[in-house]
S.K.: 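Got a structure here, written out as structure tokens. Questions coming.
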Amino acid sequence: MIYIYNDYGGTHTTALAAAYHLKEITQSERKLTKEEILNVNYFNKLTKDDSGKIIFHGMDENGDSVYTIGRKSSKLVVPALEDLSLLLQRKHHFQEKIIFSNTSPTVPFVMSIGGFFSRGLKIDFIGVPLLIMGAKQCCDNIFQLVENTKQTAKSSNEEKVIILENEIYKK
């Protein structure tokens, strides 16, 4: 199975989702600390040049690959990747299931503002504290999104490509 978490920038909620998926951070009754958030691979580290790149984060406990992608405002990226995946599956008899899971609904407003300041304007002293605040606000939602993504992937046997918009996690 291949998991691809996607959102606008690919460097905040997707990075957290990949870290939860790979158990690099764990869910508990407490919120994530500033250090835990800032130590997540790729968290607030990607640039606009990384947009559209599929980034490998690791293999989970089942041997499944976990990736992320920042799609910017394009609504065409995931459908195009779905079509390409299906084409490759048909042409090369590729049987591995691919799950695209949108983390955008989990993004709180403060995280959007923090991302704009930090990644857009390069003003980290304003953006990073807002990003941390936002990550703390949405970490429970992201964890639940990841758990739902994994469960859906396991329970959907006939589908070769699954797209999860995850609107139920909207802030």
Side-chain angles (χ1 to χ4, degrees), residues 2-60 65-81 99-153 163-171:
I2 298 171
Y3 293 90
I4 304 174
Y5 293 99
N6 65 90
D7 76 351
Y8 181 83
T11 193
H12 299 120
T13 59
T14 55
L16 290 168
Y20 274 125
H21 190 117
L22 296 169
K23 297 185 179 355
E24 293 169 353
I25 53 176
T26 56
Q27 182 65 359
S28 68
E29 294 299 312
R30 64 170 180 77
K31 298 291 182 195
L32 294 173
T33 66
K34 173 184 175 181
E35 292 73 27
E36 287 172 316
I37 294 164
L38 293 177
N39 285 326
V40 166
N41 286 334
Y42 299 104
F43 186 85
N44 203 41
K45 294 180 179 76
L46 301 181
T47 67
K48 64 180 178 182
D49 292 336
D50 296 310
S51 297
K53 292 181 182 174
I54 299 174
I55 297 172
F56 179 67
H57 286 258
M59 304 286 274
D60 70 13
S65 303
V66 177
Y67 296 85
T68 60
I69 185 171
R71 56 182 154 63
K72 291 298 182 192
S73 60
S74 177
K75 297 192 184 309
L76 303 176
V77 171
V78 172
L81 289 172
I99 298 88
F100 294 94
S101 188
N102 181 6
T103 62
S104 292
T106 66
V107 178
F109 181 69
V110 69
M111 184 176 266
S112 296
I113 298 301
F116 173 71
F117 275 102
S118 183
R119 304 315 315 145
L121 300 177
K122 310 284 188 251
I123 305 174
D124 283 340
F125 76 93
I126 295 173
V128 171
L130 295 173
L131 286 167
I132 292 166
M133 186 183 314
K136 288 180 179 186
Q137 285 177 13
C138 69
C139 64
D140 293 336
N141 260 0
I142 294 171
F143 176 78
Q144 292 303 319
L145 179 147
V146 168
E147 291 302 303
N148 182 63
T149 298
K150 291 163 116 177
Q151 190 59 40
T152 301
I163 297 176
L164 300 175
E165 290 299 335
N166 298 315
E167 289 298 317
I168 62 170
Y169 299 100
K170 197 151 195 110
K171 278 294 211 178

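Quick caveat, the model's predicted, so the values are computed rather than measured.
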S.K.: Which heavy-atom pair separates Leu32 from Cys139 by the least distance, and what is that distance?
M.R.: CD1-CB, 3.8 Å

S.K.: Going by salt bridge (Lys or Arg N to Asp or Glu O under 4.0 Å), name the pairs with one or both residues in residues 103-123, residues two or more places apart or in two chains.
M.R.: none

S.K.: Quick one: are His21 and Lys150 in side-chain contact, heavy atoms under 4.5 Å?
M.R.: yes

S.K.: Are Lys31 and Asp140 packed together at the side-chain level, in the sense that at least one heavy-atom pair is separated by less than 4.5 angstrom?
M.R.: yes

S.K.: Test: ring pair (Phe, Tyr, Trp, His ring centres under 6.0 Å). Region: residues 24-48. Which pairs qualify, not counting sequence neighbours?
M.R.: His12-Phe43, Tyr42-His57

S.K.: Show every salt bridge (Lys or Arg N to Asp or Glu O under 4.0 Å) that has at least one partner inside residues 7-19, sequence neighbours left out.
M.R.: none

S.K.: Heavy atoms, side chains only, cut-off 4.5 Å: are Ile55 and Ile69 in contact?
M.R.: no

S.K.: Kindly give the heavy-atom pair with the smallest separation between Val107 and Ser112, and that separation in Å.
M.R.: CG1-OG, 3.4 Å

S.K.: Flag yes if more than 12 heavy atoms outside Lys48 fall under 6.0 Å of its NZ atom; otherwise flag no.
M.R.: no

S.K.: Within the structure provided, determine whether Val146 and Thr103 are in side-chain contact (heavy-atom separation under 4.5 Å).
M.R.: no

S.K.: With a 4.5 Å heavy-atom cut-off, do Tyr3 and Ser65 have their side chains touching?
M.R.: no

S.K.: Do Glu24 and Val40 make a side-chain contact, defined as non-hydrogen atoms from C-beta onward lying under 4.5 Å apart?
M.R.: no

S.K.: Only counting residues at least two apart or in another chain, list the ones meeting side chain to side chain contact (heavy atoms under 4.5 Å, CB included) with Asp50.
M.R.: Leu46, Thr47, Lys53

S.K.: Can you run down the ring pair (Phe, Tyr, Trp, His ring centres under 6.0 Å) pairs that involve residues 129-150, sequence neighbours left out, and say none if there aren't any?
M.R.: Tyr20-Phe143

S.K.: Arg71 and Thr14: side-chain donor and acceptor closer than 3.5 Å?
M.R.: no

S.K.: Could you please spell out the steps behind the side-chain contact (heavy atoms from CB on, under 4.5 Å) verdict for Ile126 and Ile113?
M.R.: CA-CA 9 Å; Ile126 295 173; Ile113 298 301; over 6 Å; no

S.K.: Count the heavy atoms belonging to other residues, nucleotides or ligands that lie under 6.0 Å from CZ of Phe125, then report whether that count exceeds 12.
M.R.: no

S.K.: Could I get the full list of side chain to side chain donor-acceptor pair (under 3.5 Å) partners for Thr11, not counting sequence neighbours?
M.R.: none

S.K.: Can any side-chain N or O of Thr152 pair as donor or acceptor with the backbone N or O of Asn148 at less than 3.5 Å?
M.R.: yes

S.K.: Within the side chain of Asn166, is there an N or O that forms a donor-acceptor pair under 3.5 Å with the backbone of Asn102?
M.R.: yes

S.K.: Contact between Ile4 and Val66 at the side-chain level, heavy atoms closer than 4.5 Å - yes or no?
M.R.: no

S.K.: Backbone N or O of Thr33 within a donor-acceptor pair of the Glu36 side chain at under 3.5 Å?
M.R.: yes

S.K.: Do Thr13 and Ser104 come close enough that some side-chain heavy atom pair is under 4.5 Å?
M.R.: no

